[in-house]
S.K.: 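Handing you this structure, nothing more for now.
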2 protein chains.
Amino acid sequence: MSLRYALLAILRVGPQSGYELQKQFSLSVGHVWHAPDSQIYPELRKMAAEGLVETEDQTRGERGMRRLYHVTAAGDRAFIDWMNGPLDYQRFRDPAHLRAAYLESAEPAAARAFLHAHIAHWEGELAQFEGELSHIDALSNPMLVRRLESTPADEREATIEYKRFAYEGLADRARGEIAWARRGLALVDRLSEAAS
Amino acid sequence: MSLRYALLAILRVGPQSGYELQKQFSLSVGHVWHAPDSQIYPELRKMAAEGLVETEDQTRGERGMRRLYHVTAAGDRAFIDWMNGPLDYQRFRDPAHLRAAYLESAEPAAARAFLHAHIAHWEGELAQFEGELSHIDALSNPMLVRRLESTPADEREATIEYKRFAYEGLADRARGEIAWARRGLALVDRLSEAAS
DNA sequence: CTCATCATGTAAGGAGTTACATGATTGG
DNA sequence: CCAATCATGTAACTCCTTACATGATGAG
C-alpha cells in the first residue's frame, strides 16, 4: 500500500505524467521503492478515482497525448497522514538468509557462487546509494533541486539532511550484507578445508 | 517461490503435518521465512500434485485425522537444485526508508515516534535472533537437534556453523537498523532545535 | 525512413494477507 | 464440561510480476 505514497511524494514536488513517474522509479526514487509501468498507470487511475490526484491532459504534436497528474488537497492530506501515522512492518522473508541457514546442503562451489553473487548484488546497490549521496551533497540531483525550489528556505536543510539520512541507512545496510557474505566465504573455506 | 523451498528444508529433516509446519513458521524458521496456514496448506497440495512430497494420512482418535508430508526423491532433488542455483533478488521496496527520505513532511513528534517504533521493532527482532543464536550454541533448538541426528557426523559442524552464520547476519542487520534509527533521533533533535 | 524515446495501457498469473469456517482431542 | 490445542481448509482481496499490445514524435 506504500506505492501510492511513493507516487504522492514525487507528485507533491510537481505534476508529472505516468511515463515520467515510471522513469523516476527506475532511477533515483527506485532506490527506496520500485514499481513497473504496469503498476503505476492503474494506481494513478485509482488515485484519481479517489480524488487524491487530478489529471490534466495535454496534446503532444497532432495526435499524441500526455496526461499530467497533480496532487489535490485530499492527496496532500493523505500523504501527511501517512507520514504522521504508524508504519506497518512486513513479515520477515529473505531468500538469501533462508539459503544461508541450510548452506551445508549446497556444493562448496555453489555456496561460494551464492556468496559472490550476494556481494556483487549489494556492491551494485551500494554504488547506487553512494552515487545518490554524492548527488545530494553536490546538489546535482534534479529531483532534489526541484524539491528545494518549492521548499521554504528554513526547511531546506531538513529536506537535504533527511534524504542523506535515508541513503546513509541504505548504504550501511549494503555494507553490512557485503561484510556478512565475506565472512561466509571465509567460513566455506574453513569448512571445506576441514572436510578434505 | 521460496515458500516451497522453506517447506522442503523443514520436511527434509523429517515428515510433518501442515499444522506442525505452520507452528515452525511462527517460531524458529519463521525468523527467516514466514507463512500463514492459509498459504501452507494449498502449497503443500500443489507440491504433492507435482510429486515433490507424498502424503501419509493418520487417524487421530476416532474421527480426527492428520496428514503427514514426506519429501520424495524429486522433492529432495528440487531442493538441492534450488540450493545450487542462482538466487533472484527482489526489487528494493522499503516503506521505512521511503518515509525517512521525506521525514521533513512529518511533525517532529511523529518523526520521533516513527524512529522509536523502528527501534522497538528491530529490538524485538534482535532479541529473537539472539535467542536463536544461544539455542544454537546450547544445542537446545529441537529442530536443529533433530536435524543433526539425521546428519553424518562429519557434516554436523557445517550444519551448526551455517545456521549460526545466517542468524548472525540477521542480528547484524537488526543492530544496523537500530543504530540508524538512533542517528535519526539525534538528527530530528538537531533540526528541531535549529528551527526553534 | 528508421530508430530511440515518449506515451499509454491490458491480461494473466503468482504471492501474500485477512477473514471466515469447521470440527476433534486432550487435559484439567 | 470447558478451554486450549490440534487439525484442515476456503474465499476474497491486494500487491506485484511478466508478458503482451499499440501508437506518436523527434532526431539523425
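Here is the naming used below: chain letters follow the sequence lines, and residue numbers restart at 1 for every chain.
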S.K.: Who are the side chain to side chain contact (heavy atoms under 4.5 Å, CB included) partners of A/Ser2, not counting sequence neighbours?
M.R.: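 Scan of A/Ser2 (side chain to side chain contact (heavy atoms under 4.5 Å, CB included), adjacent residues dropped) gives A/Trp33, A/Trp82, B/Pro95, B/Leu98.
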S.K.: Tell me, which of residues 15-31 of chain B have any heavy atom that sits under 4.0 Å from an atom in DNA chain C?
M.R.: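 Under 4.0 Å from DNA chain C: no residue of residues 15-31 of chain B.
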S.K.: Taking B/Glu50 for the side chain and B/Met47 for the main chain, is one N or O donor matched with an acceptor at less than 3.5 Å?
M.R.: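 No, B/Glu50 side chain to B/Met47 backbone: no donor-acceptor pair under 3.5 Å.
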S.K.: Are B/Phe25 and B/His34 an aromatic pair, judged by ring center distance below 6.0 Å?
M.R.: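 No - the distance between ring centres of B/His34 and B/Phe25 does not fall below the 6.0 Å cut-off.
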S.K.: Taking everything shown except A/Glu56 itself, do over 12 heavy atoms lie less than 6.0 Å from its CD?
M.R.: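 Result for CD/A/Glu56: enclosed.
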S.K.: Could you give the CG-to-C1' distance, from B/Leu44 to D/dT10, as a whole number of Å?
M.R.: 16 Å
S.K.: Specify the separation, in whole Å, of atom NZ of A/Lys46 and atom P of C/dG9.
M.R.: 16 Å
S.K.: Within the pair B/Arg67 and D/dG9, is there a side-chain N or O less than 4.0 Å away from OP1 or OP2?
M.R.: yes
S.K.: A/Tyr19 ring centre to A/Arg66 NZ or CZ under 6.0 Å, with the angle to the axis within 45°?
M.R.: no
S.K.: With a distance cut-off below 6.0 Å to the six-membered ring centre and an angular limit of 45° from the axis, does A/Arg99 pair with A/Phe114 as a cation-pi contact?
M.R.: yes
S.K.: Take atom CD in A/Glu130; do more than 12 heavy atoms of anything else shown fall under 6.0 Å from it?
M.R.: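 Yes - once you tally the heavy atoms of other residues, nucleotides and ligands closer than 6.0 Å, there are more than 12.
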S.K.: Count the heavy atoms belonging to other residues, nucleotides or ligands that lie under 6.0 Å from CG of A/Asp57, then report whether that count exceeds 12.
M.R.: yes
S.K.: Take the protein atom CG of A/Asp57 and the nucleotide atom P of D/dA24, then report the distance between them rounded to whole Å.
M.R.: 17 Å
S.K.: Using whole Å, report how far CZ of B/Arg45 lies from C1' of D/dA7.
M.R.: 13 Å
S.K.: Give the B/S/- string for nucleotides 16-28 of chain C, one per nucleotide from 5' to 3', where a protein heavy atom under 4.0 Å of the base yields B, of only the sugar-phosphate yields S, and otherwise -.
M.R.: BBBB----SS---
S.K.: Distance check needed: C/dT8 C1' versus A/Gln58 CD, whole Å only.
M.R.: 15 Å
